[in-house]
Amino acid sequence: MKRILFLCATLLSSCAPGMATAGQSSEAIPTATGTATLQPALTFSPTITPTATFEPGSFFFDIASDVPGNDEAEIKTGIDLARAYLRDFLGGDINPSMPQFMVKIVATGNGNDGSCCTGLAESGPRPFFDVKHSSWNIGSSSYWDNTDNHVNAGAHEYVHAWQSSLGCLTIHDQPLGNWLNEGIAQYISINSLKQGGYVTENDYRQLISVALAGTSTDKLASYERGSSGRLDDIALLATIKLVSLAPSGELSLRNVCENISSGKSVDQSFKEAFGISKNDFYKLFTGYQETYVTPTPTPIPAGMIAIHGMVTLANSNQKYSDYILSFCNSKIAECLPGVPISNQGTFLTYLDPGIYRISVNHSKDGEGIGWYAKNGLVPDGTCSDSILVDDKEINFTVDLRPSSCPAPAAADSPALTTPSVMESSTSGVSIIATGLLVASDSTQKFNDLMVTFCGIQSNQCLPGIPVSSDGTFSTLLTVGKYKISINSPGAKNLGWYTKNGLVPDAACADIIAVDVKHETALTINLQGLSCK
């Protein structure tokens, strides 16, 4: 999954060969006629608009005349959100009696000590932002974009000023060390965005999942005085864990700073605030990380062949999550449920032996964009490349760059067999189905699991749908009624879907109806239940 780069700082720096066929007749790309949304049900609009909502208090703004208005508004919003969160959850904002300091926003591209965003200066608190710096705008994911980054940057750097006002941080004296300094700032900034609506509960879970996956083998102690590109991720995770242990919860983040300011040692300040010694926490955190190391791959279902590979985007405006791959079996003239593409551009599915062609469709509405050929996507299925699935796993690359069909063969050339016309289903209609899995405990790993849709009318289960590490899945289903089985490695059945959790018996599972009038978006709770 694509890693999220947070715009935050330390103190002065940011933190099988194809078988080609051709013919005269045109073959349309299967298109889902129903519509569906990939946005989780928990998504909601921000509750604080991107304008400064509070009086400056202990600080004032110094904003260059060439700073774009949207960047200025996003930074101010982040500061407002942080101040509200400090006031409501952390015992108060910066004391107004503190000597006034400046928040500086420029658009030079030069940054400050190599960074776009910093929190402190020689004189004390001085949040700084360069909105033309190369690291100000970064790649977006399906749940995190540049607005989120900019708002988070404003909140994060303001929290460093708050830490300084409590007496536990200066530009030259950082007794708590890198990961805890950054962890406090990142924890408060992310949670303030969540509180204000810029980060939904689903977004938050995905942030944590990505951070865990990226730092599952890193040693937290090595970040005490050092740093790397993963500092903000591991610092956020460690701080979340500390807050969960601390007798005073989130207030521990204020307490540890005030302990340092009162003259207590780092070890004493840490243990009093969080209820555990630093060395014991390092050991505990290592155990916590080990539950999120790369899981054992799901075994291949009996009789099926693993099909996996990479997708190459046509341009920088495309996102992997915008597309799904649908494997169309020439023998049964039907396209199987769509296969999602991970945020790293990889895909995985399992197919029965046979000959397949691949349509590429938009994940949100099922609209077809092209057929797979080894040199790019072609508009006509009759000139697409086929893949032969026999007894060996297949690994190949799907290039999303558009390509044209070759010129028709000359009249005296040997005729090429034109494959049967593909239909998106026996009824001609496929519907996008999306979902989100909710873990029942912290030991569950989503990409260990597969979601299997079992047709009521056909009395057959479709190939299992892999679940992304963030708990999401997407597929194409033909119109009909289904029950849903959740399986783990070794094809062990975890249970059958009901709206309240998983039950052990298919007889008491809920039935979902797939039709063209309704979106099919599911939340699957992995909590085990008994049949009633």
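Proximity of Phe61 to Glu72: side-chain heavy atoms (C-beta onward) are nowhere separated by under 4.5 Å. Between Thr286 and Lys219, some side-chain heavy-atom pair lies under the 4.5 Å cut-off. At a threshold of 4.5 Å between non-hydrogen side-chain atoms, the residues Ser58 and Gln100 do not count as touching. Side chains of Val360 and Val311 form no contact here, defined as non-hydrogen atoms less than 4.5 Å apart. Taking the side chain as every heavy atom from C-beta outward, Lys76 and Ile79 never approach each other to under 4.5 Å. A 4.5 Å side-chain heavy-atom check between Glu250 and Tyr85 finds at least one atom pair inside the cut-off. Here the side chains of Ile75 and Val131 are in contact, with some heavy-atom distance below 4.5 Å. In this structure, Pro125 and Met98 have side chains that are in contact, with non-hydrogen atoms separated by less than 4.5 Å.
Distance check: Phe396 CZ to Met310 CE gives 12.5 Å after rounding to the nearest 0.5 Å. Between Ile486 atom CD1 and Ile465 atom CD1 the span is 11.0 Å, to the nearest 0.5 Å. Atom CG of Asn137 sits about 9.5 Å away from atom OG1 of Thr147, to the nearest 0.5 Å. The NE2 atom of His133 sits 4.5 Å away from atom OG of Ser135, with the distance rounded to the nearest 0.5 Å. If you take CZ on Phe347 and CD1 on Ile307, they are separated by 8.5 Å, rounding to the nearest 0.5 Å. Separating the CD atom in Glu224 from the CD atom in Gln174 is a distance of 12.0 Å, to the nearest 0.5 Å.
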- Task: Mind running side chain to side chain contact (heavy atoms under 4.5 Å, CB included) on Leu242 and Val256 for me, showing each step along the way?
- Result: CA-CA 11 Å; Leu242 279 174; Val256 71; over 6 Å; no
- Message: One pair to check against side chain to side chain donor-acceptor pair (under 3.5 Å): Ser277 and Asn279. What are the steps and the verdict?
- Response: CA-CA 6 Å; Ser277 71; Asn279 287 337; 5.8 Å; no
- Begin from the C-alpha positions of Gln163 and Asn181 and carry the test side chain to side chain contact (heavy atoms under 4.5 Å, CB included) through to its verdict. CA-CA 8 Å; Gln163 291 172 289; Asn181 282 333; 4.1 Å; yes
- Message: Assess the residue pair Ile188 and Phe89 against the criterion (side chain to side chain contact (heavy atoms under 4.5 Å, CB included)); give the C-alpha distance rounded to whole Å, side-chain angles, the decisive distance to 0.1 Å, and a yes or no.
- Response: CA-CA 10 Å; Ile188 295 172; Phe89 300 99; over 6 Å; no
- Report the C-alpha separation of Asp71 and Glu74 in whole Å, then their side-chain angles, then the decisive distance to 0.1 Å, and conclude whether the side chain to side chain contact (heavy atoms under 4.5 Å, CB included) test is met. CA-CA 5 Å; Asp71 291 307; Glu74 288 162 351; 3.9 Å; yes
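Scanning all heavy atoms of the two residues, the minimum distance from Ile208 to Ile240 falls at CD1-CD1, 3.4 Å. Contact between Gly119 and Glu157 at its shortest, heavy atoms only, is N-OE1, 3.1 Å. Scanning all heavy atoms of the two residues, the minimum distance from Ala155 to Ser189 falls at CB-CB, 3.7 Å. When all heavy atoms of His308 and Leu348 are compared, the closest pair comes out as CB-CD1, 3.9 Å. Summarising the geometry of Asp93 relative to Trp162, their closest heavy-atom pair is C-CD1, 4.0 Å, with the distance given to 0.1 Å. The shortest heavy-atom contact between Val159 and Ala82 is CG2-CB, 4.3 Å.
The aromatic rings of Phe270 and Phe281 sit tilted, their planes meeting at an angle between 30° and 60°. The aromatic rings of Phe101 and Tyr158 lie tilted to each other, with the angle between the two planes from 30° to 60°.
Looking at Lys104 and Asp62, a side-chain N of the basic residue comes within less than 4.0 Å of a carboxylate O on the acidic one, giving a salt bridge.
Residues Asp173 and Thr170 bring no donor and acceptor atom of their side chains to less than 3.5 Å of each other. No side-chain donor from either of Ser265 and Asp267 sits under 3.5 Å from a side-chain acceptor of the other. In the model, Thr118 has no side-chain atom that pairs as donor or acceptor with a side-chain atom of Asp113 under 3.5 Å. In this structure, a donor-acceptor pair under 3.5 Å is absent between the side chains of Ser403 and Asn375.
Judged by distance alone, with hydrogens and angles left aside, the side-chain atoms of Asp130 form a donor-acceptor pair with the main-chain N or O of Gly111 at under 3.5 Å. At distances below 3.5 Å, not a single donor-acceptor pair connects side-chain atoms of Asn152 with backbone N or O atoms of Asp148. Using a distance-only test at 3.5 Å, with no hydrogens or angles considered, no donor-acceptor pair links the side chain of Asn259 to the main chain of Ser262. Between the Ser252 side chain and the Asn255 main chain, no donor and acceptor come within less than 3.5 Å of each other. At least one donor-acceptor pair closer than 3.5 Å links the side chain of His150 to the backbone N or O of Trp136. Using modelled atom types, no side-chain atom of Ser164 and backbone atom of His160 make a donor-acceptor pair closer than 3.5 Å. In this structure, the side chain of Ser115 does not engage the main chain of Asn112 through any donor-acceptor pair within 3.5 Å. When atom types are taken as modelled, the side chain of Ser261 and the backbone of Cys257 share no donor-acceptor pair closer than 3.5 angstrom. For the pair Gln268 (side chain) and Lys264 (backbone), a donor-acceptor distance under 3.5 Å is absent. Listed for the Trp179 side chain is no donor-acceptor partner under 3.5 Å among the backbone atoms of Ser222.
For the pair Lys241 and Phe285, the cation does not sit on the ring face, since its NZ or CZ is not both under 6.0 Å from the ring centre and inside 45° of the axis.
Each of Thr215, Asp218, Asn178 was compared with Tyr223 under the side chain to side chain donor-acceptor pair (under 3.5 Å) criterion, and only Asp218 meets it. Among the candidates Val467, Thr475, Asn487, the single residue satisfying the side-chain contact (heavy atoms from CB on, under 4.5 Å) test with Val451 is Val467. The side-chain contact (heavy atoms from CB on, under 4.5 Å) with Leu502 is formed by just one residue from the set Leu529, Ile524, Asn525; it is Ile524. When the options Thr434, Leu449, Leu437 are evaluated for a side-chain contact (heavy atoms from CB on, under 4.5 Å) with Phe473, the one that passes is Leu437.
Separation of the His362 and Tyr323 ring centroids falls under the 6.0 Å cut-off.
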